[in-house]
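Working notes, structure below.
All residue numbers in this chain count up from 1 along the given sequence.
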Amino acid sequence: MFSRILPIFRKLNNRIIRVKRGILLLLIVGFLIYHVFTIQYSDTFQSIFNYPIKKSHNLGTQVHLENILNLPRIQYDFSTVTETSEEKRIRERRRESIKEGFLHSWRGYTKYAWGYDELLPLSNGIANNFNGWGATIVDSLDTMWIMGLKNEFNEARDFVRKVNFSRSDDVINVFETTIRYLGGLLSAYELSKDTMFLSKANDLGLALLPAFNSTTGLPYNYVSLSNEVEVVRNLPWLNGGLLAQVGSLYLEFSKLAELTGDSEFFFKVNNITQILKNSKPEIPGLYPINIDQESGEFWTDTVTFGANGDSFYEYLIKEYILVGGALKDYRKMYIESINGMHKHLIRRGVVTSRPDLLFLGELAFEKFYPRMDHLSCFVPGMLAIGSKVLNRPKDFDVAIGLAETCYWSYKNTKTGIGPEVFWFETEKKRRPKSKSRLNGDPPEGIIRTNTKYLLRPETIESLFILYRITGNKEYQEKGWEIWQSIEKYCKTETAYSGLSDVNKLSESKNDNMESFFLAETLKYLYLLFSPPDLISLDTYVFNTEAHPFLRMIN
């Protein structure tokens, strides 16, 4: 009996072994396919689904953040929205138009200004205003990745690989270098996982460290990276530091510490936070724009969310979000600043047809000044994000009002493009009847304007954020109107140019295209018409140059 059964068991055992081998082989093949697929298409997964690659609770090896929070959701629940085939066709056509705008600019730059910082889009000349490292290339890296322009991205990568970010013939601006170059390199690394970008970012971060060698540790405005590294404390016409320059390095240096493991980068910017936290501005939360790096004291009383102040306030809430709410100082300072803004800087307009419009002014010489920069049109987006993360509904209402004002400033010019600065009325004034809008006079409620347009992104940035938070397609329509105006009045044969006067329909181009046009303006427009999970606000936080950084998660 046993002799008959034994062969059966042997055959069964052999079959089991073969099955096991087959399963093992399938697992191995499956793993290899997955591995290859992941390497080849990791950009697709990350771009579409935005899953963070890893959880990190460290700002270098010496700083572990114990209390990472599950911060409230920022983006609208788009799963509840049904997009018709026609709506999708229109959205994708618009997105393609913006992508073509980027390619038009990129081709002009590569043809006439490759390797230089910027292209002069009318004369096809070149400009080296930002260290001569190819600012347009580095600033555009993540835009190309997000747009799926892999050939252009790889061409740019080959250029970046050869740049020595530790040397420059020019004295370099620490703030501009940080937000454009360091931010661009870090974002390119997090999106592509190409370690070359991280290595270059580390080189640049180390090269910038001498800028922090002031008495207080507040960074100087400029540093020389010539053969003998030295700090250029301040240029002759700038006595001391500017709030936006001193206080807008948190995101980049914190991210660099996280990714390299070198906590020294974080310690440098955390020191800035402690100095400003312990300072005593005359109005709590509203920090004057001029600060002395040696004493840490403010030496003017000018307060603004526009030029020279803007990104400091932006970075308070964004650093809090970046570290998953683990660093409470940023939350406290942000809330105090926004409360001060509500009380001292927000005014309702006197536009009869638009009584809902809100304006954001400035303080100087103990007086309120009704002056609003295009730069300050980032504030609606900042307030909207802060309102969701911190549960502050009033902030969101003000965000809506200010965004309407920024958009309205575009609608009230002949080109449909907003001015660089406008001064608004705070009380009704009788105008002479002879005045006519046909002569380019300011609209009701506006006293005068600086009519330049520098291809700035701030209004578009806020429209993008408000769309992502509300799901309201009106913000897409407004963004599309602005893009059509840029196409009509700013496009040149080789790229796009800023305007000297937004109320002139011809001969107004100023032959200038800063790298932020490709890094910010076109990126925010492209994302406005992209699927909402592409660079989700619940996964990424943008630096002030629109470079997305992965947020820390619990």
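Taken from CG in Leu243 to OG1 in Thr302, the straight-line distance is 11.5 Å, to the nearest 0.5 Å. Taken to the nearest 0.5 Å, the CG atom of Leu71 stands 12.0 Å off from the CE atom of Met552. To the nearest 0.5 Å, atoms CH2 (Trp299) and CD1 (Ile289) are separated by 8.5 Å. Here the straight-line distance linking atom CD1 of Ile460 with atom NZ of Lys523 works out to 13.0 Å at 0.5 Å rounding. A distance of 8.0 Å separates CD1 in Ile400 from CG in Asn472, rounded to the nearest 0.5 Å. Going from atom CZ of Phe212 over to atom CG of Leu218 covers 9.5 Å, rounded to the nearest 0.5 Å.
Of all heavy-atom pairs spanning Val502 and Ile417, the tightest one is CB-O, 3.4 Å. The two residues Ser409 and Thr413 come nearest to each other via the heavy atoms O-CG2, 3.4 Å. For the residue pair Gly479 and Leu525, the shortest heavy atom distance occurs at O-CD2, 3.6 Å. Contact between Val379 and Leu360 at its shortest, heavy atoms only, is CG2-CD2, 3.8 Å. For the pair Phe549 and Gly183, the tightest heavy-atom approach, listed with the atom from each and the gap, is CE2-O, 3.6 Å. Nearest heavy atom pair, residue Ile469 against residue Ile385, reads CD1-N, 3.9 Å.
Judged by distance alone, the side chains of Glu314 and Thr544 do bring a donor and an acceptor atom under 3.5 Å apart. At a cut-off of 3.5 Å, with distance as the only test, no side-chain donor of Ser387 or Asp395 sits close to an acceptor on the other residue. Residues His374 and Glu420 bring no donor and acceptor atom of their side chains to less than 3.5 Å of each other. No donor-acceptor contact under 3.5 angstrom links the side chains of Thr136 and Glu118, judged on distance only. Defined by atom type and a distance below 3.5 Å, a donor-acceptor pair is missing between the side-chain atoms of Asn58 and Glu258. Looking at Ser295 and Asp292, their side chains do bring a donor and an acceptor atom within 3.5 Å of each other. Side chains of Ser248 and Ser311: a donor-acceptor N/O pair is present below 3.5 angstrom, by distance only. Between the side chains of Glu176 and Tyr222, no donor-acceptor pair is found at a separation under 3.5 Å.
For CD of Gln274, the number of neighbouring non-hydrogen atoms (other residues, nucleotides, ligands) closer than 6.0 Å is greater than 12. Few gaps surround CZ on Phe396; more than 12 heavy atoms of other groups in view lie less than 6.0 Å from it.
Checked against the 6.0 Å centroid threshold, His547 and Tyr181 do not count as a close aromatic pair. Aromatic ring centres of Phe312 and Tyr287: separated by under 6.0 Å. Note: Phe542 and Phe378 fail the aromatic proximity criterion, with ring centroids not under 6.0 Å apart.
Here Phe368 pairs with Arg347, Leu363, Pro370, Phe424, Thr426 under the side-chain contact (heavy atoms from CB on, under 4.5 Å) rule; sequence neighbours left out. Applying the salt bridge (Lys or Arg N to Asp or Glu O under 4.0 Å) rule to Asp356 yields the partners Arg354; only residues at least two apart in sequence or on another chain are considered. Take Glu362 and apply the salt bridge (Lys or Arg N to Asp or Glu O under 4.0 Å) test, not counting sequence neighbours, and it matches Arg371.
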Pair Ile68-Ile553, side chain to side chain contact (heavy atoms under 4.5 Å, CB included): steps then yes or no: CA-CA 7 Å; Ile68 300 292; Ile553 61 173; 5.7 Å; no
Lys280 and Glu297: CA distance, side-chain angles, deciding distance, salt bridge (Lys or Arg N to Asp or Glu O under 4.0 Å) verdict: CA-CA 9 Å; Lys280 303 295 182 184; Glu297 295 181 355; over 6 Å; no
Step-by-step side chain to side chain contact (heavy atoms under 4.5 Å, CB included) determination, Phe175 to Asn221: CA-CA 7 Å; Phe175 166 73; Asn221 307 319; over 6 Å; no
Test side chain to side chain contact (heavy atoms under 4.5 Å, CB included) applied to Ile446 and Trp423, step by step: CA-CA 6 Å; Ile446 300 298; Trp423 287 259; 5.9 Å; no
Intermediate values then yes/no, side chain to side chain contact (heavy atoms under 4.5 Å, CB included), Tyr496 and Ile486: CA-CA 8 Å; Tyr496 293 80; Ile486 293 173; 4.0 Å; yes
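A donor-acceptor pair under 3.5 Å is absent between the side-chain atoms of Ser376 and the main chain of Gly306, judged by distance alone. With hydrogens and angles ignored, the 3.5 Å screen pairs no side-chain donor or acceptor of Lys388 with any backbone N or O of Pro72. Under a 3.5 Å cut-off, the side chain of Asn554 and the backbone N or O of Leu69 do not form any donor-acceptor pair.
Side-chain contact between Arg157 and Met196: present, with at least one pair of heavy atoms (C-beta onward) separated by less than 4.5 Å. Considering only heavy atoms from C-beta on, Ile482 comes within 4.5 Å of Leu463 through its side chain. Asn543 is listed as a side-chain neighbour of Tyr315, based on a closest heavy-atom distance under 4.5 Å. Leu65 has its side chain within reach of Val323: a pair of non-hydrogen atoms, C-beta onward, lies under 4.5 Å apart. Considering only heavy atoms from C-beta on, Thr178 comes within 4.5 Å of Leu208 through its side chain. Looking at Glu319 and Tyr334, their side chains never come closer than 4.5 Å, going by heavy atoms from C-beta outward. In this structure, Ile335 and Asn339 have side chains that are in contact, with non-hydrogen atoms separated by less than 4.5 Å. Taking the side chain as every heavy atom from C-beta outward, His344 and Leu286 approach each other to under 4.5 Å.
Counting only residues at least two apart or on different chains, the disulfide (SG to SG under 2.5 Å) pairs with a member in residues 363-403 are Cys377-Cys406.
A cation-pi arrangement is absent between Lys318 and Tyr320 under the rule of less than 6.0 angstrom and at most 45 degrees off the ring axis. The cationic group of Lys478 lies under 6.0 Å from the six-membered ring centre of Tyr407 and within 45° of the ring axis, placing it in a cation-pi geometry.
Checked against Trp133 for a side-chain contact (heavy atoms from CB on, under 4.5 Å), the options Asn164, Thr177, Val138 give a single hit: Thr177. Among the candidates Tyr467, Phe102, Phe464, the single residue satisfying the ring-ring contact (aromatic ring centres under 6.0 Å, His included) test with Tyr524 is Phe464.
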Which side-chain N or O atoms in residues 261-269 pair as donor and acceptor under 3.5 Å with protein atoms at least two apart or in another chain?
residue : atom : partner : partner atom : Å
Asp262  : OD1  : Glu264  : N            : 3.0
Ser263  : OG   : Leu59   : O            : 2.9
Ser263  : OG   : Thr61   : N            : 3.3
Ser263  : OG   : Gln62   : N            : 2.9
Glu264  : OE2  : Lys268  : NZ           : 3.4

Show me, pair by pair, the donor-acceptor contacts under 3.5 angstrom made by side chains of residues 512-520, not counting sequence neighbours?
residue : atom : partner : partner atom : Å
Glu514  : OE1  : Arg180  : NH1          : 3.3
Glu514  : OE1  : Arg180  : NH2          : 2.7
Ser515  : OG   : Asp139  : OD2          : 2.6
Ser515  : OG   : Arg180  : NH1          : 2.9

